[in-house]
Amino acid sequence: MDHKNVDIIDRKRGWNGYFKLDVYRLQHDRFDGGKSAVLEREVLERGHAVAVLPYDPIRDEVILIEQFRPGTLSVQNHYPDMPIWLTEIVAGIIEVGEKPEDVARRETIEEAGCDIIGPLETISRFYVTPGCSSETVTLYYGRVDTMHAGGIHGLEEEGEDIRVFRVSAEECFAMLQNGQLCNATATIAVQWLMINRDRIRKEAGA
């Protein structure tokens with residue numbers, strides 16, 4: 001079936017706080033040509049995010065950040081070996097009227113204390129967890145100078161407490177392979193770097 005349709009029978013706002021929860025009643029086309037039963041599905045309207053892989057192609061270093069994430073707390077009941085403080089890359093929510101590229105540059109300064117050098121390169125745009133959320137992430141590579149990277153960053157008024165550190169590309173790849181990078185955005189970004197590292201270093205004159 002080349003074209004599939006979804007019929008929205010009803011949509012109600014179930015929660016309207018910082019996050020918003022919509023409750024849908026819908027039917028969708030089936031692969032056998034029929035229609036599904038009427039389904040009720042809850043969708044978290046999370047907003048859309050931007051993430052940046054800050055990489056210095058001359059020094060061959062990646063900037064990573066570490067911070068507490070409340071969504072990890074209930075995970076501990078099932079997987080006690082999973083961390084509560086996560087090692088991540090720079091990311092932030094796109095506010096009304098903002099362009100993704102502007103968010104990428106702003107968040108790299110706020111969270112990592114670095115300016116992006118030159119144009120951003122788009123890596124991907126992907127759903128985070130489309131079974132229950134509308135959130136997407138637009139993921140970029142941003143060239144930075146890691147010489148002075150490090151320390152504690154983030155906006156105090158937003159309760160951010162972000163540790164910034166730099167690692168060699170090889171060390172970063174090892175962190176991915178040994179499970180230290182256990183969030184999807186960082187995983188996608190570092191896998192992209194593994195594929196594109198030689199190209200972007202050559203383009204930078206390294």
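Quick note: residue numbers are just sequence positions, from 1. Fair warning: this is a prediction, and the values are worked out from it, not measured in the lab.
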Tightest non-hydrogen contact, residues Gln27 and Ala37, listed as CG-O, 3.7 Å

Any heavy-atom pair between the side chains of Phe173 and Leu193 that's under 4.5 Å? yes

Connected-component partners of Tyr79 among ILVMFWY, side-chain separation under 4.5 Å: Val75, Met82

Mind checking whether Ser133 and Phe19 have side chains closer than 4.5 Å, heavy atoms only? no

Heavy-atom closest pair, residues Ala189 and Ile89: CB-CD1, 3.8 Å

Please set out all donor-acceptor pairs under 3.5 angstrom arising from side-chain atoms of residues 61-69, sequence neighbours excluded.
unit_1 : atom_1 : unit_2 : atom_2 : d
Glu61  : OE1    : Thr146 : OG1    : 2.5
Glu66  : OE1    : Arg163 : NE     : 2.8
Glu66  : OE1    : Arg163 : NH2    : 3.0
Gln67  : NE2    : Glu88  : OE1    : 3.0
Arg69  : NE     : Glu88  : OE1    : 3.4
Arg69  : NE     : Glu88  : OE2    : 2.9
Arg69  : NH2    : Glu88  : OE1    : 3.1

Do Arg59 and Asp145 make a side-chain contact, defined as non-hydrogen atoms from C-beta onward lying under 4.5 Å apart? yes

Hey, is Arg199 close enough to Glu203 for a salt bridge, meaning N to O under 4.0 Å? yes

Enter the distance from Asn183:CG to Leu86:CG here, rounded to the nearest 0.5 Å. 6.0 Å

In the structure I gave you, are the side-chain heavy atoms of Val137 and Ile188 within less than 4.5 Å of one another anywhere? no

Are any of the side-chain heavy atoms of Val190 and Met175 separated by less than 4.5 Å? no

For Glu45, check side chain to side chain donor-acceptor pair (under 3.5 Å) against everything at least two apart and list the hits. Ser134

Around Glu158, counting heavy atoms of other residues, nucleotides and ligands shown, do more than 12 lie under 6.0 Å from its CD? yes

Can you confirm whether Arg46 sits close enough to Ile93 that some side-chain heavy atom of one is under 4.5 Å from a side-chain heavy atom of the other? yes

Does Asp56 come within less than 4.0 Å of Arg166, counting only side-chain N to carboxylate O? no

Just how far is it from atom CZ of Arg41 to atom NE2 of His28, taken to the nearest 0.5 Å? 7.0 Å

I'd like to know if the side chain of Arg30 and the backbone of Ser36 have a donor-acceptor N/O pair within less than 3.5 Å. no

For Trp15 versus Arg13, what's the shortest heavy-atom pair and its separation? O-CD, 2.9 Å

Check the side chains of Arg125 and Thr138 for a donor-acceptor pair under 3.5 angstrom, ignoring hydrogens and angles. yes

Under the rule for side chain to side chain donor-acceptor pair (under 3.5 Å), what residues qualify as partners of Asn77, not counting sequence neighbours? none

Test side-chain contact (heavy atoms from CB on, under 4.5 Å) applied to Cys114 and Thr108, step by step: CA-CA 6 Å; Cys114 292; Thr108 303; 4.3 Å; yes

Chi angles and distances behind the salt bridge (charged side-chain N to carboxylate O under 4.0 Å, His left out) call for Asp29, Lys35: CA-CA 5 Å; Asp29 290 346; Lys35 284 280 190 183; 3.0 Å; yes

How many angstroms lie between SG in Cys172 and CD in Gln180, if you round to the nearest 0.5 Å? 9.5 Å

Checking side chain to side chain contact (heavy atoms under 4.5 Å, CB included) against Glu111, which of Val164, Leu155, Val90 comes through? Val90

Applying the 4.5 Å side-chain criterion to the ILVMFWY set and letting contacts propagate, would Val43 and Val128 be lumped into a single cluster? no

Is there side-chain contact between Glu107 and Val52, with heavy atoms separated by less than 4.5 Å? no

Looking at every non-hydrogen atom in both residues, tell me the closest pair between Ala51 and Thr185 and how far apart they are. CB-CG2, 3.4 Å

Who are the side chain to side chain contact (heavy atoms under 4.5 Å, CB included) partners of Glu40, not counting sequence neighbours? Val23, Arg25

Could you measure the distance from the NZ atom of Lys12 to the CD atom of Glu42? Nearest 0.5 Å is fine. 13.0 Å

Atom CD1 in Ile200, atom CD1 in Ile195: separation rounded to 0.5 Å? 11.5 Å

Give the cluster check for Met194 versus Val167: same hydrophobic cluster or not, with ILVMFWY residues linked at side-chain heavy-atom distances below 4.5 Å. yes

About how many Å separate CD1 of Ile116 and CZ of Arg105, when rounded to the nearest 0.5 Å? 5.5 Å

ILVMFWY clustering at 4.5 Å (side-chain atoms), partners of Val96: none

For a 4.5 angstrom cut-off between non-hydrogen side-chain atoms, does Asp60 reach Tyr55? yes

